[in-house]
Amino acid sequence: MTKERAYFEAAALKEHGHWCPDHVPEVYHFDRTMSLTGMRYLEPPHIILRKGLIAGIEYPLLAEHMSEYMARTLFCTSLLYHSTTEHKRGVAEFCGNIEMCRLTEQVVFSDPYKVSQHNRWTSPYLDADAEAAREDNDLKLEIAELKSKFCERAQALVHGDLHTSSVMVTQDSTQVIDSEFAFYGPMGFDVGAFLGNLFLSFFSQDGHANQGNDRKAYKEWILQTIEETWNLFRQKFVSLWNEHKNGSGEAYLPAIYNNDVLLELVQRKFMKDLFHDTLGFGAAKMIRRIVGVAHVEDFESITDASKRADCERQALNFARMLLKERRKFEGISEVVSLVQKSN
């Protein structure tokens with residue numbers, strides 16, 4: 001990976017911090033020659049969100065904060081807010097982050113669906129499951145469509161790696177870090193990455209349960225957080241759209257989309273497509289964390305390999321279903337209900 005990723009990380013932190021200063025640590029200085037970033041120190045008790053989820057800690061403001069971060073950063077770097085000139089300027093700046101995008105293309109959209117020296121899984125327990133994913137033609141058709149969107153659709157400045165280790169939290173603070181994968185891409189890639197990692201945490205909880213804590217109440221909190229995050233994101237995103245409908249955004253010119261009925265139709269279709277993208281990208285991120293090169297501590301910290309494999313298999317089966325059938329779902333509550341019934 002090129003050291004130039006430091007430039008894109010600092011640039012994305014500054015841009016996202018401009019639109020959502022409450023949830024992005026401030027960058028004080030960046031030296032491109034030295035690849036040196038001086039930024040806010042996230043003091044204790046801030047910890048990586050993934051570690052908090054493994055420990056079974058509830059964060060009551062997580063959905064509120066992450067929905068705010070995603071709504072503001074994605075809306076305000078899109079054509080819904082900017083002119084095409086401003087948007088293309090942003091696309092041009094970040095199109096140089098080629099190596100990081102190519103790495104994502106490989107590990108998310110390619111390697112899990114073929115034999116690759118980089119792939120690994122909990123063997124021998126998941127040998128058949130990994131092979132089934134590689135031989136699933138319907139799954140490959142869907143992942144090809146998502147890869148095309150990832151590579152071709154410069155919808156907004158996305159974080160590009162918005163998993164639960166890219167977020168630091170306390171009970172009343174949520175800070176998004178590590179945006180070295182940032183580029184102009186599909187909005188659903190960010191929202192899906194975050195929700196997909198919450199689903200991974202959900203499926204891992206049985207492996208962390210013990211006699212003192214069966215984790216059932218915590219699993220319900222995770223599902224509630226998933227549902228609240230999407231619903232709040234949708235609400236805030238549409239609210240920003242309504243607030244700026246007569247602004248400089250050129251996606252839907254006010255001279256054309258000039259009545260409430262038409263605007264509502266446009267918004268409904270836009271959010272439906274974004275929801276299905278979110279489910280698809282979220283599922284793809286889950287699959288790659290189970291049968292790809294880079295795994296997650298949620299599962300890896302389960303010492304009993306058989307128990308770990310059982311948790312991973314449930315997550316993998318859910319993700320394969322979700323990727324292939326994402327268009328059948330009208331809302332996040334349907335997805336959450338399906339998980340509750342099957343778990």
Side-chain angles (χ1 to χ4, degrees), residues 8 11-27 61-95 149-150 152-160 162 167 174-176 179 182-195 228-279 281 330-332:
F8 294 108
L13 283 169
K14 288 179 181 179
E15 181 70 10
H16 284 167
H18 173 73
W19 300 114
C20 192
D22 289 344
H23 304 302
V24 181
E26 184 178 357
V27 174
L61 297 176
L62 183 62
E64 172 68 32
H65 289 172
M66 285 304 296
S67 62
E68 180 78 8
Y69 166 79
M70 293 188 294
R72 295 196 66 82
T73 58
L74 295 175
F75 179 86
C76 293
T77 60
S78 76
L79 280 169
L80 295 170
Y81 185 82
H82 284 310
S83 68
T84 53
T85 301
E86 292 171 311
H87 189 72
K88 288 183 184 297
R89 191 178 295 125
V91 173
E93 180 180 4
F94 280 88
C95 71
K149 285 189 177 184
F150 177 85
E152 299 165 359
R153 191 166 194 200
Q155 199 174 24
L157 177 60
V158 299
H159 178 283
L162 194 56
V167 182
T174 305
Q175 303 292 321
V176 179
S179 51
F183 76 111
Y184 273 76
M187 296 180 183
F189 192 72
D190 268 6
V191 189
F194 183 67
L195 296 188
E228 287 181 359
T229 299
W230 169 260
N231 288 335
L232 285 169
F233 167 77
R234 187 188 191 286
Q235 174 188 321
K236 293 175 181 183
F237 192 96
V238 173
S239 178
L240 284 167
W241 191 337
N242 289 331
E243 181 183 345
H244 297 283
K245 64 182 179 182
N246 294 315
S248 58
E250 293 195 55
Y252 299 96
L253 296 172
I256 300 172
Y257 302 90
N258 55 4
N259 67 77
D260 292 342
V261 174
L262 178 57
L263 182 61
E264 187 179 343
L265 286 172
V266 165
Q267 290 174 339
R268 193 179 304 158
K269 183 182 187 309
F270 186 98
M271 297 310 295
K272 181 179 180 180
D273 291 342
L274 176 49
F275 178 60
H276 292 153
D277 282 355
T278 292
L279 296 183
F281 285 122
E330 295 293 324
I332 193 68

Fill in: Passing candidate, side chain to side chain donor-acceptor pair (under 3.5 Å) with Tyr69, options Gln175, His16, His23, Glu64
His16
Could you state the interatomic distance from [atom1] ([X]) to [atom2] ([Y]), rounded to the nearest 0.5 Å?
X: Leu232; Y: Gln235; atom1: CG; atom2: CD; answer: 6.0 Å
X: Leu279; Y: Leu195; atom1: CG; atom2: CG; answer: 8.0 Å
X: Cys20; Y: Phe75; atom1: SG; atom2: CZ; answer: 14.0 Å
X: His18; Y: Glu15; atom1: NE2; atom2: CD; answer: 6.5 Å
X: Asn231; Y: Ser67; atom1: CG; atom2: OG; answer: 10.0 Å
X: Met70; Y: Phe194; atom1: CE; atom2: CZ; answer: 6.0 Å

Worksheet item: Are Asp277 and Lys149 close enough that some pair of their side-chain heavy atoms sits under 4.5 Å apart?
Response: yes
Practice prompt. Indicate yes or no: at least one non-hydrogen side-chain atom of Phe275 is less than 4.5 angstrom from one of Ile332.
Written response: yes
Worksheet entry | Heavy atoms of other groups near Asn259 CG, more than 12 under 6.0 Å | yes
Who pairs with [X] by side-chain hydrogen bond (donor to acceptor under 3.5 Å, both in side chains), at least two apart in sequence or on another chain?
X: Asp22; result: none
X: Ser179; result: none
X: Arg89; result: none
X: His276; result: none

What heavy-atom pair brings [X] and [Y] nearest, and what distance separates the two atoms?
X: Ala71; Y: Leu240; result: O-CD1, 3.7 Å
X: Phe94; Y: Ala182; result: CD2-O, 3.8 Å
X: Leu157; Y: Thr77; result: N-OG1, 2.9 Å

Worksheet, complete the sentence: By side chain to side chain contact (heavy atoms under 4.5 Å, CB included), Leu274 pairs with (sequence neighbours left out) Met187, Trp230, Phe233, Phe270, Met271, Thr278
Worksheet item: Looking at residues at least two apart in the chain, or sitting in another chain, which of them share a side chain to side chain contact (heavy atoms under 4.5 Å, CB included) with Ala92?
Response: none
Can you sort out the partners of [X] under salt bridge (Lys or Arg N to Asp or Glu O under 4.0 Å), two or more places apart, ordered by chain and number?
X: Asp190; result: none
X: Glu330; result: none
X: Arg153; result: none
X: Glu68; result: Lys236

Practice prompt. Take Val238 and Arg234 through the test side-chain contact (heavy atoms from CB on, under 4.5 Å) and record every step on the way to the result.
Written response: CA-CA 6 Å; Val238 173; Arg234 187 188 191 286; 4.2 Å; yes
Worksheet item: Going through the checks in order, is the side-chain contact (heavy atoms from CB on, under 4.5 Å) test met by Met66 and Val176?
Response: CA-CA 9 Å; Met66 285 304 296; Val176 179; 4.0 Å; yes
Item to complete: Just grab all the salt bridge (charged side-chain N to carboxylate O under 4.0 Å, His left out) pairs involving residues 76-86, residues at least two apart or on different chains.
Response: none
Worksheet item: Where do His87 and His82 land on the ring pair (Phe, Tyr, Trp, His ring centres under 6.0 Å) test, with the steps shown first?
Response: CA-CA 6 Å; His87 189 72; His82 284 310; 7.6 Å; no
Practice prompt. Any side chain to side chain donor-acceptor pair (under 3.5 Å) involving residues 240-251? Give me the pairs, sequence neighbours left out, ordered by first then second residue.
Written response: Asn242-Gln267
